[in-house]
Asks: 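One structure coming up, written as structure tokens, with questions to follow.
In this text, all values refer to a predicted model and were calculated from it rather than measured experimentally.
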Amino acid sequence: MTTKKSKIDLSSRFMFPGKLTVVRRKERYLAICSENGRWIVLDNNSQTAFLHLLETTDLGEALKRFQGKYEDARKVVTQIVARQLDSMPSKRASTDGAIVMHLYLTNQCNMRCPHCYMLAGCKMENELKTEEIKVIMSNFKNYGGSLVTLSGGEVSLRDDLIEICQYAYSINLPLEILTNGLKWTDDMIRIIAPTLYRIQVSIDGYDESENKKIRGAGAFEKALSTVDRFVKANIRTDVAITPVFSDDLHNHIDDYLTFALSLEEKYKNGRFKIQFNGEIMDGREIKLTQKQRDYYADFVHKLLSKKYGKDATDSAFISTMLTDTIKDNCNYGNLTIAANGDVYMCAFIPTLKPVGNIRKDSFESLMTLSKAAKAASVVDRLTPCSNCELKYICGGDCRIHHFPDIQDNHIGIKVQCARECTPKVKEMFYDLMLRTNEALFK
């Protein structure tokens with residue numbers, strides 16, 4: 001354990017922002033502050049006793065009353081300082097996150113992927129026109145919008161995609177595009193690339209034979225060509241991989257790993273990243289059982305752990321905890337607009353009912369509803385999360401997956417629903433906290 005050395009006056013008083021809950025786990029003790037999402041790890045009852053003294057008195061008085069060893073007292077104080085247990089994070093996810101919008105430009109698609117949760121294929125009736133999309137972008141920018149995600153269907157099938165991207169660029173509104181990468185000409189990339197913050201290309205296999213099971217013959221090389229051209233245009237380019245599900249998926253860890261590492265080596269001097277989707281959504285032809293979902297999740301976990309040489313769950317958890325943000329919500333409440341103008345509060349729109357339509361409702365009223373949705377779905381207002389010591393560590397997870405009542409909440413925003421939370425879920429977080437504690441020392 002290494003921390004910065006600092007002198008602490010004996011008259012110092014640690015003012016913890018909320019109740020401290022002590023949980024014994026694997027012969028150690030987690031002291032958790034529920035109101036700031038932080039914790040410390042202690043070794044014995046003597047250390048927890050000293051911590052409880054610090055809750056009611058200053059350091060000097062606590063040392064006078066303490067009957068244990070000085071080293072135990074020092075360990076407690078060192079942990080408090082290193083983990084800033086008495087401080088509040090500077091931001092909240094529900095109020096201080098970027099204001100983003102997901103815009104489905106079309107439901108038309110040149111592919112019929114079996115795992116597509118949008119069931120994309122045919123163009124919807126009465127899809128938004130170019131000028132309507134420009135007005136949406138302008139209004140969003142005026143309301144402080146900081147990023148728009150364009151997806152479909154397949155965005156490159158819209159004849160006006162260049163005009164839409166150039167308009168967003170003209171009003172200084174950052175864009176990212178999600179695409180299958182098959183229809184991008186050199187001229188399209190040359191014109192659109194400068195308008196983008198990021199592009200994400202989906203590739204669902206480690207070679208042509210595997211990828212064509214999902215995306216058809218020839219799609220693999222076409223998508224890789226699009227990736228290559230965007231990287232060379234100096235645009236942040238991500239490849240999103242959803243490995244093809246099979247009962248022997250674990251036998252292909254090295255195949256996917258080799259493919260990912262080869263691309264990273266090829267573009268090591270570019271703005272490039274590989275990401276593996278950790279979950280397969282129910283789609284056109286794929287509906288996995290819970291056992292299959294667990295099998296797939298375990299595959300991705302083992303793949304990423306092997307790729308990075310450390311536990312993938314730990315790495316993701318550490319990254320989240322280092323953001324100095326209270327994790328009180330997921331992305332629920334961010335405006336999502338379907339190709340026909342229907343408005344939702346999450347991008348997983350097939351499972352939701354719309355809260356309005358951009359053609360019928362004012363943008364101001366929809367943004368007001370967006371703020372209300374974020375406020376109503378904070379973890380403090382959910383059951384059983386609001387009374388849990390882990391509420392700002394777990395965050396309640398995905399509102400759509402775990403709080404199904406939200407799916408029907410299309411008249412007003414009155415989130416009154418509960419999720420099931422098992423001891424196994426909490427124990428998973430306790431173990432994560434034990435393993436990653438020192439990595440979070442300030």
Asks: Please check: side-chain N/O of Ser365 versus main-chain N/O of Asp361, any donor-acceptor pairing under 3.5 Å?
Replies: no
Asks: If you round to the nearest 0.5 Å, how far is CE of Met111 from CG of Asp204?
Replies: 8.5 Å
Asks: Give a yes or no on whether a salt bridge exists between Lys302 and Asp298, defined as a side-chain N under 4.0 angstrom from a carboxylate O.
Replies: yes
Asks: Between Lys307 and Glu264, is the closest basic N to carboxylate O distance under 4.0 Å?
Replies: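 Looking at Lys307 together with Glu264, the answer is yes, because their closest N to O distance falls below 4.0 Å.
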Asks: Donor-acceptor pair, distance only, cut-off 3.5 Å: does the side chain of Ser377 make one with the backbone of Ala373?
Replies: yes
Asks: Do the charged groups of Asp238 and Arg236 touch, with an N to O distance under 4.0 Å?
Replies: yes
Asks: Do the side chains of Glu71 and Lys75 get close enough for a salt bridge, i.e. N-O under 4.0 angstrom?
Replies: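 Salt bridge flag = no for Lys75 with Glu71.
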Asks: Nearest 0.5 angstrom please: Asn387 CG to Leu382 CG, how far?
Replies: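 Those atoms lie 11.5 Å apart.
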Asks: For Glu55, does the CD atom have more than 12 heavy-atom neighbours from other residues, nucleotides or ligands under 6.0 Å away?
Replies: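 Result for CD/Glu55: enclosed.
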Asks: Rounded to the nearest 0.5 Å, what separation is found between the CZ atom of Arg92 and the OH atom of Tyr392?
Replies: 4.0 Å
Asks: Under 3.5 Å, side chain of Tyr308 to main-chain N/O of Ser315, donor-acceptor pair present?
Replies: no
Asks: Just by distance, with hydrogens left out, do Glu127 and Asn340 show a side-chain donor and acceptor under 3.5 Å apart?
Replies: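 Note: Glu127 and Asn340 side chains miss the donor-acceptor criterion.
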Asks: Are the charged groups of Asp282 and Lys287 less than 4.0 angstrom apart, N to O?
Replies: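 Salt bridge between Asp282 and Lys287, a charged N being under 4.0 Å from a carboxylate O: no.
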Asks: Is it true that a side-chain atom of Gln200 and a backbone atom of Thr237 form a donor plus acceptor pair closer than 3.5 Å?
Replies: no
Asks: Anything under 30° is parallel, anything over 60° is perpendicular, the rest tilted; go ahead and classify His250 against Phe299.
Replies: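 Ring orientation, 0 to 90° scale: perpendicular.
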Asks: Is the shortest heavy-atom distance from the side chain of Leu30 to the side chain of Val41 under 4.5 Å?
Replies: yes
Asks: Does a side-chain heavy-atom distance below 4.5 Å link Met433 with Leu390?
Replies: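 Yes, at least one pair of side-chain atoms sits under 4.5 Å.
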Asks: Quick check: closest heavy atoms across Asn180 and Ala223, and the distance to 0.1 Å?
Replies: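 Where Asn180 meets Ala223 most closely, the heavy atoms are O-CB, 3.8 Å.
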Asks: What is the minimum heavy-atom distance between Glu35 and Gly18, and which atoms define it?
Replies: CG-CA, 3.7 Å
Asks: Might you point out which heavy atoms bring Ala62 and Thr57 nearest each other, and give the distance in Å?
Replies: N-CG2, 3.7 Å
Asks: Carefully, step by step, assess Leu288 and Phe245 under the rule side-chain contact (heavy atoms from CB on, under 4.5 Å).
Replies: CA-CA 9 Å; Leu288 301 184; Phe245 184 83; 4.0 Å; yes
Asks: For Arg359, is there an ion pair with Glu132 - N to carboxylate O distance below 4.0 angstrom?
Replies: yes
Asks: Under 3.5 Å, is there a donor-acceptor pair between the side chain of Arg83 and the main chain of Trp39?
Replies: yes
Asks: Do the side chains of Asp314 and Lys310 get nearer than 4.5 Å, heavy atoms only?
Replies: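 When only atoms from C-beta onward are counted, Asp314 and Lys310 do not touch, as no gap falls below 4.5 Å.
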Asks: Ion pair present between Arg25 and Asp431, side-chain N to carboxylate O less than 4.0 angstrom?
Replies: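 Yes.
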Asks: Quick one: pull up CG in Asn142 and CD1 in Ile171 and give me the separation to the nearest 0.5 Å.
Replies: 7.5 Å
Asks: What's the shortest heavy-atom distance between Ile349 and Thr336, and which atoms?
Replies: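 Distance-wise, the nearest heavy atoms are CG2-CG2, 3.7 Å.
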Asks: Check whether any side-chain heavy atom of Met101 sits under 4.5 Å from a side-chain heavy atom of Leu150, and report yes or no.
Replies: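 Counting from C-beta outward, Met101 and Leu150 never come under 4.5 Å.
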Asks: Can a salt bridge be assigned to the pair Glu427 and Lys424 using a cut-off of 4.0 Å between side-chain N and carboxylate O?
Replies: no
Asks: Tell me if the aromatic rings of Phe259 and Tyr206 count as close, with their centers under 6.0 Å from one another.
Replies: no
Asks: For Phe16, does the CZ atom have more than 12 heavy-atom neighbours from other residues, nucleotides or ligands under 6.0 Å away?
Replies: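 Yes, the 6.0 Å shell around CZ holds more than 12 heavy atoms from other groups.
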Asks: Asp294 and side-chain hydrogen bond (donor to acceptor under 3.5 Å, both in side chains): which partner among Gln290, Gln292, Lys291?
Replies: Gln290
Asks: Do any N or O atoms from the side chain of Ser34 and from the backbone of Glu389 form a donor-acceptor pair under 3.5 angstrom?
Replies: no
Asks: Tell me whether Asp86 is salt-bridged to Arg38, with the criterion being a basic N under 4.0 Å from an acidic carboxylate O.
Replies: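 Judged by the 4.0 Å cut-off on N to carboxylate O distance, Asp86 and Arg38 do not form a salt bridge.
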Asks: Near Asp247 CG, under 6.0 Å, is it more than 12 heavy atoms from other residues, nucleotides or ligands?
Replies: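 Atom CG in Asp247 is not crowded, with 12 or fewer foreign heavy atoms closer than 6.0 Å.
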Asks: Looking only at heavy atoms, which two atoms of Asn329 and Ala93 are closest? And how far apart?
Replies: O-CB, 3.9 Å
Asks: Measuring from atom CD1 of Ile192 to atom SG of Cys165, what distance do you get when rounded to the nearest 0.5 angstrom?
Replies: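 Going from the CD1 atom of Ile192 to the SG atom of Cys165 covers 4.5 Å.
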Asks: Using side-chain heavy atoms (C-beta onward) and a distance below 4.5 Å, is Met345 in contact with Ile400?
Replies: no
Asks: Give a yes or no answer on whether the side chain of Thr436 reaches the backbone of Leu432 with a donor-acceptor pair at less than 3.5 Å.
Replies: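 A pair under 3.5 Å: yes.
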Asks: Take atom CZ of Phe66 as the centre, draw a 6.0 Å sphere, and report whether it contains more than 12 heavy atoms from other residues, nucleotides or ligands.
Replies: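 Yes - once you tally the heavy atoms of other residues, nucleotides and ligands closer than 6.0 Å, there are more than 12.
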Asks: With a 3.5 Å distance limit and no angle check, can you tell me whether Arg271 reaches the backbone of Asn234 through a side-chain donor-acceptor pair?
Replies: yes
Asks: Check for a donor-acceptor pair, side chain of Arg112 on one end and backbone N or O of Cys109 on the other, with a separation under 3.5 Å.
Replies: yes
Asks: Which heavy atom of Asp328 sits nearest to which heavy atom of Ser94, and what is that distance?
Replies: OD2-OG, 2.7 Å
Asks: Do Ile393 and Phe317 come within less than 4.5 Å of each other through their side chains, counting heavy atoms only?
Replies: yes
Asks: Treating Asp342 as the side-chain partner and Ala338 as the backbone partner, does any N or O pair qualify as donor plus acceptor under 3.5 Å?
Replies: no
Asks: Distance alone, cut at 3.5 Å: any donor-acceptor contact between the side chains of Glu154 and Ser156?
Replies: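 Yes, side-chain donor-acceptor contact under 3.5 Å.
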Asks: Within a reach of under 6.0 Å around CG of Asn331, are more than 12 heavy atoms found that belong to other residues, nucleotides or ligands?
Replies: no
Asks: About how many Å separate CG of Asp58 and CG of Leu10, when rounded to the nearest 0.5 Å?
Replies: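 Rounded to the nearest 0.5 Å, the CG-CG separation comes to 8.0 Å.
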Asks: Using the ring centroid of each side chain, check whether His102 and Tyr104 are separated by less than 6.0 Å.
Replies: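 Centroid separation for His102 and Tyr104: below 6.0 Å.
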Asks: Taking atom types as modelled, find out whether Ser90 and Asp324 have a side-chain donor-acceptor pair closer than 3.5 angstrom.
Replies: yes
